[in-house]
Asker: 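Submitted below is the structure of interest, expressed as structure tokens.
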Amino acid sequence: MYGKFKEHLTNELQEIKDAGLYKSERVIVTPQSSEIEVENTNGEVLNFCANNYLGLADSPRLVEAAKKAMDNRGYGMSSVRFICGTQDLHKELEKAISDYFKTEDTILYAACFDANGGLFEPLLTEEDAIISDSLNHASIIDGVRLCKAKRFRYKNADMEDLERCLKESQDCRFRIIATDGVFSMDGNVAPMDKICELAEKYDALVMVDESHSAGVVGKTGHGVAEQFDAYGKIDIFTGTLGKAFGGAMGGFTTGRKEIIDMLRQRSRPYLFSNSVAPSIVGASIEMFKMLKENDDLHDKLVENVNYFRDKMLEAGFDIKPTQSAICAVMLYDAKLSQDFAAEMQKEGIFVTGFYYPVVPKGQARIRVQLSAAHNREQLDRAIAAFVKVGKKLGVLK
Ligand SMILES: *Cc1c(COP(=O)(O)O)cnc(C)c1O
């Protein structure tokens, strides 16, 4: 049988390649950091495409905490949480996350993909509705698909369109508005103040995925609730430990007590998937301790974002008005975005070019992700490379 299937796959793979959409992987041979070594390139390259917003992916303090947790609590749990997979560490981390987001309770998952995948189905039925931003992350989209609730979709961060959905869904029993905190392609922040106002007016719940916003937005980086003073108005937060919060892996849902309690009873990725490993849990507890001590990493990140954005605007680049650590350098043309990224790689700078269908047609760009780990010299090197390549490819005069 495989012969026919093999032929089918080979053809499909070739189509992906012909469309220029085939994804190959760069192989890093060092820890994840602002400067990395990659197989088949000469020397070190500067990394501007990791979600390592607070620069903690190679933090010696977190590595140490992970080792200590392994020494004291072992390597793996070999169990789901409710059978025999809960250690004191898991409880401690859930408490730390609740403290950070000022919520009532938290439930851990193996990934935020699982948190979103297992969120809606246990809470809502066909009597209810989910009203979702059109640019929400794939895991929210999958979570919505797994749930029987009616689906409504509004244009990205468009409050008139959200209001239309709220009016159209008025007959449903319960409604949840679901949004990313920061959208990964433009780096824009969801207008949580207006979303919460509309939720109040139309009697809907609010869910926000803080994966790209926690640790990044808000005066001290505590996410969208801090930025919009929306504490008590957002019912559910989901998030990842795989981006700003250390970058290893793990996800969570945090929010109202009864919601979290119901997820512990019914959420399938929680009930039927393994507990997060002690090393990651221990290091994550240490990470939240670090963030409590001072705001230095967040301050540094904001300083880097502002510096990079200002210098790039000065140089004449067209930059989306970023509100996060994501900076979209607009090139509009798909092929140009790929050529630009390739030239940048030759200059020793890792950035990613995105084009349709990842972003709308005619909206191709280079996405730059800043980190607290970047130093001034590294930022200057990246900006100089942008200018050099920009001139070479005719983007800058
Ligand atoms: C990265 C991301 C996720 C997935 O997080 P994992 O913990 O890696 O599964 C979910 N939602 C959003 C918005 C993300 O950006």
Side-chain angles (χ1 to χ4, degrees), residues 23 25 32 49-54 56-57 90 93-94 97 100-101 106-120 130 132-146 153 156-157 176-190 192 195 206-218 221 223-225 227 234 236-255 263 267-270 273-277 279-281 283-284 287-288 322-328 352 354 358-359 367-371:
K23 296 186 253 324
E25 294 168 2
Q32 181 66 281
C49 50
N51 304 311
N52 187 19
Y53 297 128
L54 295 178
L56 292 170
H90 295 88
L93 176 56
E94 287 174 340
I97 294 172
Y100 187 88
F101 288 95
T106 299
I107 174 173
L108 285 177
Y109 288 86
C112 186
F113 208 106
D114 290 331
N116 288 333
L119 176 64
F120 302 102
I130 303 165
S132 185
D133 188 290
S134 62
L135 291 190
N136 277 345
H137 189 262
S139 54
I140 297 181
I141 296 170
D142 283 9
V144 171
R145 281 182 185 151
L146 291 170
R153 212 165 78 125
N156 177 234
I176 292 188
I177 303 169
T179 181
D180 280 12
V182 160
F183 296 92
S184 65
M185 286 301 144
D186 286 0
N188 57 315
V189 179
M192 294 312 301
I195 290 174
V206 178
M207 171 269 177
V208 57
D209 180 338
E210 290 262 37
S211 290
H212 282 289
S213 45
V216 177
V217 307
V224 293
Q227 173 160 349
I234 298 169
I236 303 167
F237 300 84
T238 60
T240 182
L241 300 170
K243 291 184 172 120
F245 293 155
M249 62 188 309
F252 55 85
T253 301
T254 187
L263 294 175
S267 181
R268 294 165 69 84
Y270 183 79
S273 188
N274 208 33
S275 297
V276 181
S279 54
I280 291 174
V281 178
S284 299
M287 196 277 315
F288 282 106
T322 182
Q323 300 163 316
S324 61
I326 292 165
C327 197
T352 320
F354 288 107
V358 182
V359 294
R367 183 178 73 174
V368 178
Q369 292 178 284
L370 282 308
S371 164

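Note that ligands are numbered from 1 as they come in the structure, with each ligand's atoms numbered from 1 the same way. Residues take their numbers from the sequence shown, with the count starting at 1. Both backbone and side-chain heavy atoms feed into the values below; hydrogens, waters and symmetry mates do not.
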Asker: Between the candidates Thr240, Val182, Thr238, which shows the shortest non-hydrogen contact distance to atom 7 (O) of ligand 1?
Answerer: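 When every heavy atom of Thr240, Val182, Thr238 is considered, Thr240 comes closest to atom 7 (O) of ligand 1.
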Asker: Starting from atom 13 (C) of ligand 1, what is the nearest protein heavy atom, named by residue and atom, and what distance separates them?
Answerer: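 I find the closest protein heavy atom is Asp209 OD2, 3.2 Å.
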Asker: Quick one: does any side-chain atom of His90 pair with a main-chain N or O of Val281 as donor and acceptor, under 3.5 Å?
Answerer: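 A pair under 3.5 Å: no.
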Asker: Which atoms of ligand 1 sit under 4.0 Å from any heavy atom of Asp180?
Answerer: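 What qualifies from ligand 1 is 13 (C).
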Asker: Polar-atom distance check: Ala111 versus ligand 1, any N or O pair below 3.5 Å?
Answerer: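 Checking ligand 1 against Ala111, no N or O pair falls under 3.5 Å apart.
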Asker: Would you say the side chains of Ser267 and Tyr109 form a donor-acceptor pair under 3.5 Å?
Answerer: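 Side-chain D/A pair, Ser267 to Tyr109: present.
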Asker: Do the side chains of Ile326 and Phe183 get nearer than 4.5 Å, heavy atoms only?
Answerer: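 Sidechains of Ile326 and Phe183: no contact.
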Asker: Of all the non-hydrogen atoms in the protein, which one sits nearest to atom 3 (C) of ligand 1, and at what distance?
Answerer: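 Here the closest protein heavy atom is His137 CE1, 3.4 Å.
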Asker: Out of Ala110, Cys112, Gly143, indicate the one that has the non-hydrogen atom closest to atom 6 (P) of ligand 1.
Answerer: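 Answer by nearest heavy atom: Cys112.
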Asker: For atom 9 (O) of ligand 1, which protein heavy atom lies nearest, and how many Å away is it?
Answerer: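 Nearest neighbour among protein heavy atoms for atom 9 (O) of ligand 1, to 0.1 Å: Phe113 N, 3.0 Å.
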Asker: Identify the protein heavy atom lying closest to atom 1 (C) of ligand 1, giving its residue, its atom name and the separation to 0.1 Å.
Answerer: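 The protein heavy atom lying closest is Lys243 NZ, 1.5 Å.
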Asker: Just wondering, do Thr106 and Phe237 contact through their side chains at under 4.5 Å, heavy atoms?
Answerer: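 Result no, sub-4.5 Å side-chain heavy-atom pair not found.
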Asker: Using a 3.5 Å cut-off on N or O atoms only, is His212 in polar contact with ligand 1?
Answerer: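 Indeed, backbone or side chain, His212 has an N or O that close.
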Asker: For Asn116 and Asn136, test the side chains for any donor-to-acceptor distance below 3.5 angstrom and give the result as yes or no.
Answerer: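 Their side chains do not contain a donor-acceptor pair, so the 3.5 Å distance test is not met.
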Asker: Can you name the atoms of ligand 1, numbered from 1 with element, that are less than 4.0 Å from a heavy atom of Ser139?
Answerer: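 Answer, ordered by atom number: 10 (C), 11 (N).
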Asker: Does a side-chain heavy-atom distance below 4.5 Å link Leu135 with Asp180?
Answerer: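 With C-beta onward as the side chain, the pair stays apart.
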Asker: Hey, could you give me the CG/OG1 distance between Leu263 and Thr254, rounded to the nearest 0.5 Å?
Answerer: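 Here the interatomic distance stands at 11.0 Å.
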